[in-house]
Amino acid sequence: MYIQRHIEEVLKSAIHEKGALCVTGARQVGKSTVLQTLFGEHRALSLDESRLRRLATEEPEAFFEQFPPPVFVDEIQYAPSLFPYIKIHIDRTGAKGAFLLSGSQRYEMMANITESLAGRINLIDLYGLSMREILGDPFRGEFLPTQEYLDARKPRPVAYNELWAHIWRGFFPEIVGSGTNWRRFYASYVRTYLDRDVSKLAQVGDLLKFEQFMVAMAARTGQLLNIGDVAKDTGISRQTAEKWLSVLVASNLVFILQPYHNSVLQRLIKTPKAYFLDTGLAAYLVGWDNAQVLQNGAMAGAMFESFVISEILKSWTNASGVTPSMRFFFLRDRDGNEIDLLIQHNGVLYPIEIKKHIHCDKHDIAAFKQLEKIPGMQRGDGCVICMAGDVFPITKRDRAVGVCYL
């Protein structure tokens, strides 16, 4: 069953703006499904199919003679030789939306796009299903802890156990609302990712070590990124660990949240935080075999934080098609003051704390006072996203906000 995606309006608009539209995202987040659903007039071809991949890589000109546009090419990163011919066609015809492309490995793809299709292509990010999409909620606003947003949001409360079932199960379309076996799905997912994407990268020579690296990163989701410790636990060099992390980021499996910097606040920690974007995949890698064990386990707080960060990212990306990496930060200083998320929007900083408990008070937002030390900075409304089912005031401009309001 097709679950309507909130990014559809963005895609319908973007296809008319440039000669090509490319949707990037992790494997199996629904890229080809949404594109074929919206643009059925484009012939769909997948370069996962060896015969087509061989034709595209060895005879790219013949590929488009046999399959002229409008055409949709899935897993385009396997055939960078196609990009010059896409450029030639766009420049010759000026046609908008002649080429639909999708890819799950930005690491290889972006250099070719930058070189060949600059100014000729729209790049759109797609993540796994959001809770809004799963619940059939039509609301499409970008999350901000403002009164205007909260007044517009009319969510359906989600029961505690139901929420943890979603966090544990994950947000790939195939795993949502189906009878698919959880363990078999993720075992197959990891194997396919390693065999089809990672094995083709020159900087990854040992797939077993890379899988161990994925496990080490999943165990640290929601934490400060100490790449040296990850390297030590995996038995690889720090340089190799940094390269492999860039592969996970380029594969849209991991999101790096950068620390907030300001010259006035001298004691800020400059280490980023890393988040697995799909909590189900992280749970599988670390070995949490059911939702109840996960919600009561040592990683419950980190998993809940990873889920919230991912949902906020989805709300912004689904509204624009662009991941707002340069708008999102966290703040932490050497005295232990921490703000889990800062959203910078129109010159205003909105502080957000994330707690998996239900009852929140001023203690949970104590670190928000750090923002008052920054001269000239405009501080917006703040909130604690928690397990409450509603919105409750903490101060005049700070609230406890139930997770269902994401």
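These values consider heavy atoms only, across backbone and side chains, with no hydrogens, waters or symmetry-generated copies. What you see is a predicted model, and the numbers here were worked out from it, not measured in a lab.
Side chains of Asp278 and Tyr186: a donor-acceptor N/O pair is present below 3.5 angstrom, by distance only.
Between Lys355 and Asp340, no side-chain nitrogen of the basic residue sits less than 4.0 Å from a carboxylate oxygen of the acidic one, so the salt-bridge criterion is not met. With salt bridges taken as basic N to acidic carboxylate O contacts below 4.0 Å, none links Lys31 and Asp74. One finds a salt bridge joining Arg220 and Asp233 here, because a Lys/Arg side-chain nitrogen approaches an Asp/Glu carboxylate oxygen to under 4.0 Å. Comment: Glu372 does not engage Arg379 in a salt bridge, judged by the lack of any side-chain N to carboxylate O separation of less than 4.0 angstrom. Of the charged side-chain nitrogens involved, at least one lies within less than 4.0 Å of a carboxylate oxygen, so that Lys273 and Glu338 count as a salt-bridged pair. Salt bridge Arg156/Asp137: absent, no basic N to carboxylate O contact under 4.0 Å. Between Glu211 and Arg191, at least one side-chain nitrogen of the basic residue sits less than 4.0 Å from a carboxylate oxygen of the acidic one, meeting the salt-bridge criterion. Salt-bridge annotation for Glu49 and Arg53: absent, with no side-chain N of the basic residue lying under 4.0 Å from a carboxylate O of the acidic one.
For Glu8, the CD atom counts as densely surrounded, since its 6.0 Å shell holds more than 12 non-hydrogen atoms of other residues, nucleotides or ligands. For Glu162, the CD atom sits in a packed shell: over 12 heavy atoms of surrounding residues, nucleotides or ligands are nearer than 6.0 Å. No more than 12 heavy atoms of other residues, nucleotides or ligands shown are found within 6.0 angstrom of CD on Glu148. Within a 6.0 Å radius of NE2 in His357, other residues, nucleotides and ligands contribute more than 12 heavy atoms. By the neighbour-count criterion of 12 heavy atoms within 6.0 Å, atom NZ of Lys232 is sparsely surrounded, having that number or fewer from other residues, nucleotides or ligands. The 12-atom threshold is not exceeded at CD of Gln292, counting heavy atoms of other residues, nucleotides or ligands nearer than 6.0 Å.
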**Prompt:** Passes ring pair (Phe, Tyr, Trp, His ring centres under 6.0 Å), Phe143 versus Trp316? Steps please.
**Reply:** CA-CA 7 Å; Phe143 177 82; Trp316 282 75; 9.0 Å; no
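Proximity of a side-chain donor or acceptor of Arg184 to a complementary backbone N or O of Thr180 within less than 3.5 Å is not detected. A donor-acceptor pair is defined here as one N or O able to donate and one able to accept, closer than 3.5 Å; such a pair exists between the side chain of Thr192 and the backbone of Ser188. Between the side chain of Lys209 and the backbone N or O of Ile236 there is no donor-acceptor pair closer than 3.5 Å. Under a 3.5 Å cut-off, the side chain of Asp364 and the backbone N or O of Asp361 do form a donor-acceptor pair. Using a distance-only test at 3.5 Å, with no hydrogens or angles considered, a donor-acceptor pair links the side chain of Glu311 to the main chain of Met131. Of the possible polar contacts, none joining the Tyr78 side chain to the Thr57 backbone as a donor-acceptor pair under 3.5 Å is found.
Cation-pi contact between Lys314 and Phe171: present, with separation from the ring centre below 6.0 Å and deviation from the ring axis of at most 45°. Geometric assessment of Arg27 against the ring of Tyr193 yields a negative cation-pi assignment under the 6.0 Å and 45° thresholds.
Counting heavy atoms from C-beta on, the side chains of Tyr284 and Trp168 never come closer than 4.5 Å.
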